[in-house]
Trainee: 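Got a structure for you, written out below as structure tokens; questions coming shortly.
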Amino acid sequence: MKTILICLVIILIILVFILMNKNETFKPLSAKYPQQHYFDNNATTFIYDDRVMKEITDNLNVANPSNILHQLGQESKKKLDESREIVAKDLNVNPSEIYFTGCATESNNIIISDIVNNWMLHNKGMATVLTSNIEHGSIYHVLDNLKMNNRLNIVRVKVDTDKTSKYYGSVNPEDVKEAIENNDNVILMTFMFVNNETGAINPIKEIGFLAKQYNIFFHCDATQAIPKMIIHPYDYNINAMSFSGHKLHAPKGVGVLYIQGRCSMLNKTTQEICSQFKTNSQEMGIRGGTENVSFIAGLSKALQIVHEDRDKKNEIMKAKKDYIIQQLEYHGCEVIKPRKSVNNTILVILKGISCCNKTFAKELSNKYGISVGTSSACLTSNEKSHVMEAMCVKDCFAEKVIRISMSDYNTEDDVRYLVNSIIELLRKERKTPEFNDNTVAAVN
């Protein structure tokens, strides 16, 4: 009887231990949805690494970092400072130049609206902002709001659509230079580093050189670039840069804004404008709201991890990209290929299918458990992609486009399954026995 009681007590202890710890083991997407194959990483990424999740959970229940009068507030502030130092080290900048926000969209809004509004407050006459015709919607939204001031001129530089050009799919620096010289009083240039639909890499170093040469504040949305490359803003003459955590396997709801040393490299007038940034109480004055220490800690850890062996990861990803392109082109698809692009993004025109891309994507998800994008991550079903228009994709093909965007966690088996599934679905959706549409170019 005594032995039975001892056994029951041991079993009870084990059960209590299991129940207490059942939520402590982090389960990534592959464990939660074992039949899902995720290829929509330009829209958002998932947290796969236990080290990131540990940083999040360890710092969920912390004090307000603004209250350093007691020990708990000091510990929270210490974690915030450590995270800021990690991000600054990765970007090779000063920690005082790093600001944590809610996302890249907020970062874009803060820097663009403050530059323009402060200029308008302290100056008379017209001002010009240069951007491109393939920027993320958050750039256009803030600029459209600011344009209600009739003293602001917004110029969208068109991307190069000449397939023989070394800048095909991206902004040509000569066009940027021409826009600077043909417009009065350019106070700001904002160009994305990598396009979220095509994966095209803009010649940011050359654009940054122009910004420095003409003494123009240069902001860069690096949201799609940071997960695939290590960026040091000083090397590119970038004065401000923004990105989101959820594009690099960190939580949603946290972002980064880099602002170069209160714009110390710019002229006296622009320095005075930048000195007006301090309009709130948190993050050294650029925004309000208590810092999300948990998500900030997760972002800093994820940034470290995503940049570990980055060159090697890019080589592996390029091999997968080349395989996907080769297979899909062989089966009659057309791939939009900018002259220079990141290794994770493939924009495919599904030529010959009778359905639209959204129906195709739904079928891929429902039947094969594959997630892909159909266009920009932020478009609604009733909007047309401005990037497709900018790239001169013919209207009859614009609704046949899917975007495949990989992460470091997509395996070779994932890629083979993706290709085989797309090919199988293509055969179903192409109503003719032979697909002979290869000779019709989808892009002008």
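Fair warning: this is a prediction, and the values are worked out from it, not measured in the lab. What you see below is based on every heavy atom in this structure, not just the backbone, and it leaves out hydrogens, waters and symmetry mates.
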Trainee: Mind running side-chain hydrogen bond (donor to acceptor under 3.5 Å, both in side chains) on E181 and Y214 for me, showing each step along the way?
Mentor: CA-CA 9 Å; E181 294 179 346; Y214 288 89; 2.5 Å; yes
Trainee: Given the side-chain rings of Y140 and H386, with only the six-membered ring counted for Trp, is the space between their centroids under 6.0 Å?
Mentor: yes
Trainee: What distance do H307 atom NE2 and I226 atom CD1 have between them, rounded to the nearest 0.5 Å?
Mentor: 5.0 Å
Trainee: Does N133 offer a backbone N or O that forms a donor-acceptor pair with the side chain of K158 under 3.5 Å?
Mentor: no
Trainee: Around H141, counting heavy atoms of other residues, nucleotides and ligands shown, do more than 12 lie under 6.0 Å from its NE2?
Mentor: no
Trainee: Set out, in order, the CA-CA distance, both residues' side-chain angles and the distance that settles side-chain hydrogen bond (donor to acceptor under 3.5 Å, both in side chains) for N108 and S138, then state yes or no.
Mentor: CA-CA 7 Å; N108 293 339; S138 64; 3.0 Å; yes
Trainee: Are any side-chain N or O atoms of D175 and backbone N or O atoms of V157, one a donor and one an acceptor, separated by less than 3.5 Å?
Mentor: no
Trainee: State whether a side-chain donor-acceptor pair under 3.5 Å links T128 with N185.
Mentor: no
Trainee: Has the side chain of E97 got a donor or acceptor atom that lies under 3.5 Å from a matching backbone atom of G261?
Mentor: yes
Trainee: Is it the case that the side chains of N183 and N153 hold a donor-acceptor pair, with the cut-off being a distance below 3.5 Å and no angle test?
Mentor: yes
Trainee: In this structure, which one of E334, E329, E429 forms a salt bridge (Lys or Arg N to Asp or Glu O under 4.0 Å) with K351?
Mentor: E334
Trainee: Salt bridge check, K89 against E82: does any charged N sit closer than 4.0 Å to a carboxylate O?
Mentor: no
Trainee: Run the side-chain contact (heavy atoms from CB on, under 4.5 Å) test on I324 and M406 for me, step by step, so that the C-alpha distance in whole Å, both residues' side-chain angles and the decisive distance to 0.1 Å come before the verdict.
Mentor: CA-CA 11 Å; I324 293 171; M406 295 180 284; 4.0 Å; yes
Trainee: Ring of F100, cation from K79 - is the NZ or CZ under 6.0 Å from the centre and inside 45° of the axis?
Mentor: no
Trainee: Passes salt bridge (Lys or Arg N to Asp or Glu O under 4.0 Å), E135 versus R156? Steps please.
Mentor: CA-CA 9 Å; E135 296 298 312; R156 296 189 186 187; over 6 Å; no
Trainee: Tell me whether the centres of the aromatic rings in H219 and F191 are closer together than 6.0 Å.
Mentor: no
Trainee: Is it true that a side-chain atom of D309 and a backbone atom of K312 form a donor plus acceptor pair closer than 3.5 Å?
Mentor: no
Trainee: Could you tell me whether the side chain of V93 reaches within less than 4.5 Å of the side chain of H232, counting heavy atoms only?
Mentor: no
Trainee: Please name the residue in the list D90, I86, V87, L257 that meets the side chain to side chain contact (heavy atoms under 4.5 Å, CB included) test with I98.
Mentor: V87
Trainee: Test V155 against T131 for side-chain contact (heavy atoms from CB on, under 4.5 Å), laying out the working first.
Mentor: CA-CA 6 Å; V155 176; T131 186; over 6 Å; no
Trainee: Without hydrogens or angle criteria, can the side chains of E424 and S421 be said to hold a donor-acceptor pair below 3.5 Å?
Mentor: no
Trainee: Is it true that K320 and D414 make a salt bridge, defined as a side-chain N closer than 4.0 Å to a carboxylate O?
Mentor: no
Trainee: Sub-3.5 Å donor-acceptor pair from the side chain of R430 to the main-chain atoms of G352, do we have one?
Mentor: no
Trainee: Apply ring pair (Phe, Tyr, Trp, His ring centres under 6.0 Å) to the pair Y236 and F193, showing each step before the final yes or no.
Mentor: CA-CA 11 Å; Y236 295 88; F193 210 119; 5.4 Å; yes
Trainee: Looking only at non-hydrogen atoms, find the nearest pair between A104 and T223 and report the distance.
Mentor: CB-OG1, 3.2 Å
Trainee: Hey, are the side chains of L91 and I230 touching, using non-hydrogen atoms and a 4.5 Å cut-off?
Mentor: no
Trainee: Are side-chain heavy atoms of F209 and I204 found at a separation under 4.5 Å?
Mentor: no
Trainee: Locate the shortest heavy-atom distance separating K313 from V306; write the atom from each residue and the value.
Mentor: NZ-O, 3.6 Å
Trainee: Any side-chain donor paired with an acceptor under 3.5 Å for S165 and D160?
Mentor: yes
Trainee: Where is the tightest heavy-atom contact between L146 and S113, given as atom of each residue plus distance?
Mentor: CD1-CA, 3.9 Å
Trainee: Run the ring pair (Phe, Tyr, Trp, His ring centres under 6.0 Å) test on H249 and Y409 for me, step by step, so that the C-alpha distance in whole Å, both residues' side-chain angles and the decisive distance to 0.1 Å come before the verdict.
Mentor: CA-CA 10 Å; H249 307 287; Y409 296 94; 4.9 Å; yes
Trainee: To the nearest 0.5 Å, what is the distance between CG on L210 and CD on E178?
Mentor: 12.0 Å
Trainee: For the backbone of I139 and the side chain of D221, can you confirm whether one donor and one acceptor N or O come within less than 3.5 Å of each other?
Mentor: no
Trainee: Whether D58 and K54 form a salt bridge (side-chain N of Lys/Arg under 4.0 Å from carboxylate O of Asp/Glu) is what I want to check.
Mentor: yes
Trainee: Quick one, T101 with S107, criterion side-chain hydrogen bond (donor to acceptor under 3.5 Å, both in side chains). Give me CA distance, side-chain angles, the key distance, then yes/no.
Mentor: CA-CA 6 Å; T101 66; S107 298; 2.8 Å; yes
Trainee: Show the numbers, then the answer: is there a side-chain hydrogen bond (donor to acceptor under 3.5 Å, both in side chains) between N343 and D322?
Mentor: CA-CA 9 Å; N343 293 322; D322 290 344; over 6 Å; no
Trainee: Would you name the heavy atoms of K252 and T45 that are closest together and state the gap between them?
Mentor: NZ-O, 3.9 Å
Trainee: Between T345 and K321, is any side-chain donor less than 3.5 angstrom from a side-chain acceptor?
Mentor: no
Trainee: Using the rule given for side-chain contact (heavy atoms from CB on, under 4.5 Å), can you reason through M189 versus V129, listing the C-alpha separation, both sets of side-chain angles and the distance that settles it, and then say yes or no?
Mentor: CA-CA 6 Å; M189 301 198 304; V129 174; over 6 Å; no
Trainee: Would you call D408 and R310 a salt bridge, taking side-chain N to carboxylate O under 4.0 Å as the test?
Mentor: yes
Trainee: Hey, what do you get for OG (S405) to CG (N196), rounding to the nearest 0.5 Å?
Mentor: 10.0 Å
Trainee: Atom CD1 in I325, atom NZ in K337: separation rounded to 0.5 Å?
Mentor: 6.0 Å
Trainee: Inspect the contact between R416 and D413 and indicate whether a charged nitrogen and a carboxylate oxygen are less than 4.0 angstrom apart.
Mentor: yes
Trainee: Tell me, do I238 and Q260 make a side-chain contact under 4.5 Å, heavy atoms counted?
Mentor: no
Trainee: Could you tell me which non-hydrogen atom of K228 sits nearest to which non-hydrogen atom of N314, and how far apart they are?
Mentor: O-ND2, 3.0 Å
Trainee: How many angstroms lie between CD in E55 and OG in S300, if you round to the nearest 0.5 Å?
Mentor: 6.0 Å
Trainee: Do other residues, nucleotides or ligands put more than 12 heavy atoms under 6.0 Å from N366 CG?
Mentor: yes
Trainee: With no hydrogens and no angle check, just 3.5 Å: does a side-chain donor-acceptor pair link E412 and Y417?
Mentor: no
Trainee: Show the numbers, then the answer: is there a side-chain contact (heavy atoms from CB on, under 4.5 Å) between I402 and L347?
Mentor: CA-CA 6 Å; I402 62 170; L347 201 62; over 6 Å; no
Trainee: First locate atom CD of E206, then atom CG of N172, and finally report the distance between them rounded to the nearest 0.5 Å.
Mentor: 8.5 Å
Trainee: Specify the closest pair of heavy atoms between C220 and M192, including all atoms of both residues, with the distance to one decimal.
Mentor: SG-C, 4.1 Å
Trainee: Salt bridge or not between E399 and K358? Use side-chain N to carboxylate O under 4.0 Å.
Mentor: no
Trainee: Checking T198 side chain against N195 main chain: does a donor-acceptor pair fall under 3.5 Å?
Mentor: no
